[in-house]
Student: 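The structure's right below; bear with me while I get my questions together.
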Amino acid sequence: MSTGAGTGPGDDDDVPTMECQVCEMDVPAGAFCGYCGDHLESDRRRGPRWLRQDTFGAAPNESVLLPAIASSLFPHLPQRSRTPFRVGLALVLVGLVGFAFLKIPPALITVAALGLPLLFVLYVSESAVYRDMSVWSMVLAATLAAALGVGWVLLTGEMVARAYGVPMAAGLAIHHVLREGVLIPAGGMILMLVPTVVVRLLRPKSRESLDGFVIGALSALMFSAAATLTRLAPQFATGLLAHNRPLKGLLVEAIISGLTIPLTAAVAGGMIGIALWFKGQTGNPHEHPGRIRAALYALAILVVLVHVGVAVTDIVGMEQLRMLIVHVVMTAVVLVMLRISLQLALIHEAHDPVEQDEPLLCVHCEHVVPDMAFCPACGVATRASSRASREERRESRPVRQVATEGS
């Protein structure tokens, strides 16, 4: 019978090494440096080295500049695990369009308000992120965000009623108030970020950037869901069908309320969370954590301004389809900005202790590689997986088997 023995770090078939031209460290030979994540090949790749734009740190087969929703909104998951969530996103879109064609406002509002938040909660469960962080902090953030969303819409709805004599039962047409400026969407955005700031001020034990992303995105989605349900709740009283409402208006409202607004809100909240949770590397002369942190805050503030600015399209009398195009384009833009933020955080934040002589299974490319900050084979950041996933794989490390003589 054939027998096998595990190979150790002192065996003759150790992984060969080479020097990384960026961090000047001897690293396992491969496509990427296990310490800094840069390409080890001699040919120059597109874009600046500090961004590594051709290989996204959470999805190594994608460019950083690709506005892909699944890998941006669900960064903890490997490629194969994102497929059900892509299907879920498609079902949300189908539901929005389908109920708009059928002219069923109650079902349309329900899908628009709860579709993306439900997917995100399932993502938190599937990725085991909830095991990395205090559950009560996530519950606190979600509950506080929902309460603020309801309260803000009720407050601004009363302002509309007083200003225009519109009864609350007729609907909360927030965009009318925007004729006085952008104070209402700006105020809503500030309130939407409050739960993330509160959780950060409570000094959570976790300081990984993706944990901050989860708190920020979850808070923003819960705020958006609560605000949407409260603002559109009067339409539930109008009956099951809305035969008199134009189809184009329903379609535009469905896609904006159910996709573009929740997505941009999640991006803005998530990027604030990334900036607040970011903890840069220390003791590395090649790293400048202060600059990276400043860039993360600048990107987050820019996205917040974009989210507020898009609301102006509701007050300038823009044609509905043109307004929808503006929302869709700006959603793609902020998704790219989120990916840049995620990439900067994953590449430049403090990493787990490197155990170069220990094997680890990469859940993205499914290669057994040295346990380092980045996979030498595909370049994915090790911290793109949840801490629970990393700990499980380190507790049951793969063992390379070789045949003995005479087998």
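Start at 1 with the first residue, then count along the sequence.
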Student: Which heavy-atom pair separates H76 from D211 by the least distance, and what is that distance?
Tutor: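 Residues H76 and D211, closest heavy atoms: NE2-OD1, 4.4 Å.
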Student: Okay, side chain of R393, backbone of C362: is any donor-acceptor separation there less than 3.5 Å?
Tutor: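 Side chain of R393 to backbone of C362: no pair is present.
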Student: Check whether R207 reaches the backbone of F278 with its side chain - one donor and one acceptor, N or O, closer than 3.5 Å.
Tutor: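 It does hold such a pair.
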Student: Please check this pair: side chain of D132 against backbone of A388, looking for a donor-acceptor N/O pair closer than 3.5 Å.
Tutor: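 It does hold such a pair.
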Student: Going by the angle between their ring planes, with limits at 30° and 60°, are Y123 and F85 parallel, tilted or perpendicular?
Tutor: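 Y123 vs F85 ring planes: perpendicular.
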Student: If you apply the rule salt bridge (Lys or Arg N to Asp or Glu O under 4.0 Å), what do you find for E366 with R80, and how did you get there?
Tutor: CA-CA 11 Å; E366 299 184 346; R80 64 181 182 278; 3.1 Å; yes
Student: State, to 0.1 Å, how close A254 and L108 come at their nearest heavy-atom pair, and which atoms those are.
Tutor: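 The answer is CB-CD1, 3.3 Å.
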Student: Using modelled atom types only, decide if a donor and an acceptor are shared between the side chain of S341 and the backbone of L296 within a distance under 3.5 Å.
Tutor: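 The answer is no, because no donor-acceptor pair under 3.5 Å joins these two groups.
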Student: Using the rule given for side-chain contact (heavy atoms from CB on, under 4.5 Å), can you reason through S71 versus R339, listing the C-alpha separation, both sets of side-chain angles and the distance that settles it, and then say yes or no?
Tutor: CA-CA 9 Å; S71 55; R339 292 168 73 86; 2.8 Å; yes
Student: Step by step, would you call L89 with L93 a side-chain contact (heavy atoms from CB on, under 4.5 Å)?
Tutor: CA-CA 6 Å; L89 289 168; L93 179 59; over 6 Å; no
Student: Checking V64 against R52 for the side-chain contact (heavy atoms from CB on, under 4.5 Å) test, could you report, in this order, the C-alpha distance in whole Å, the side-chain angles of both residues, the deciding distance, and whether it holds?
Tutor: CA-CA 8 Å; V64 176; R52 202 188 70 176; over 6 Å; no
Student: Do the ring planes of F32 and H39 sit parallel (below 30°), tilted (30 to 60°) or perpendicular (above 60°)?
Tutor: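 Judged by the thresholds at 30° and 60°, the geometry between F32 and H39 is tilted.
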Student: Check step by step if side-chain contact (heavy atoms from CB on, under 4.5 Å) holds for T228 and L232.
Tutor: CA-CA 6 Å; T228 299; L232 300 179; 3.9 Å; yes
Student: Apply side chain to side chain donor-acceptor pair (under 3.5 Å) to R390 and S385, showing your working.
Tutor: CA-CA 7 Å; R390 303 197 305 265; S385 300; over 6 Å; no
Student: For residues S386 and S127, report the shortest heavy-atom separation together with the two atoms involved.
Tutor: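 What the structure gives for the nearest pair is OG-O, 2.9 Å.
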Student: Assess the pair H351 and F374: is the distance between their ring centroids shorter than 6.0 Å?
Tutor: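 Yes, the ring centres sit under 6.0 Å apart.
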Student: Would you say P370 and P359 make side-chain contact, with heavy atoms under 4.5 Å?
Tutor: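 Of all side-chain heavy-atom pairs linking P359 with P370, none is under 4.5 Å.
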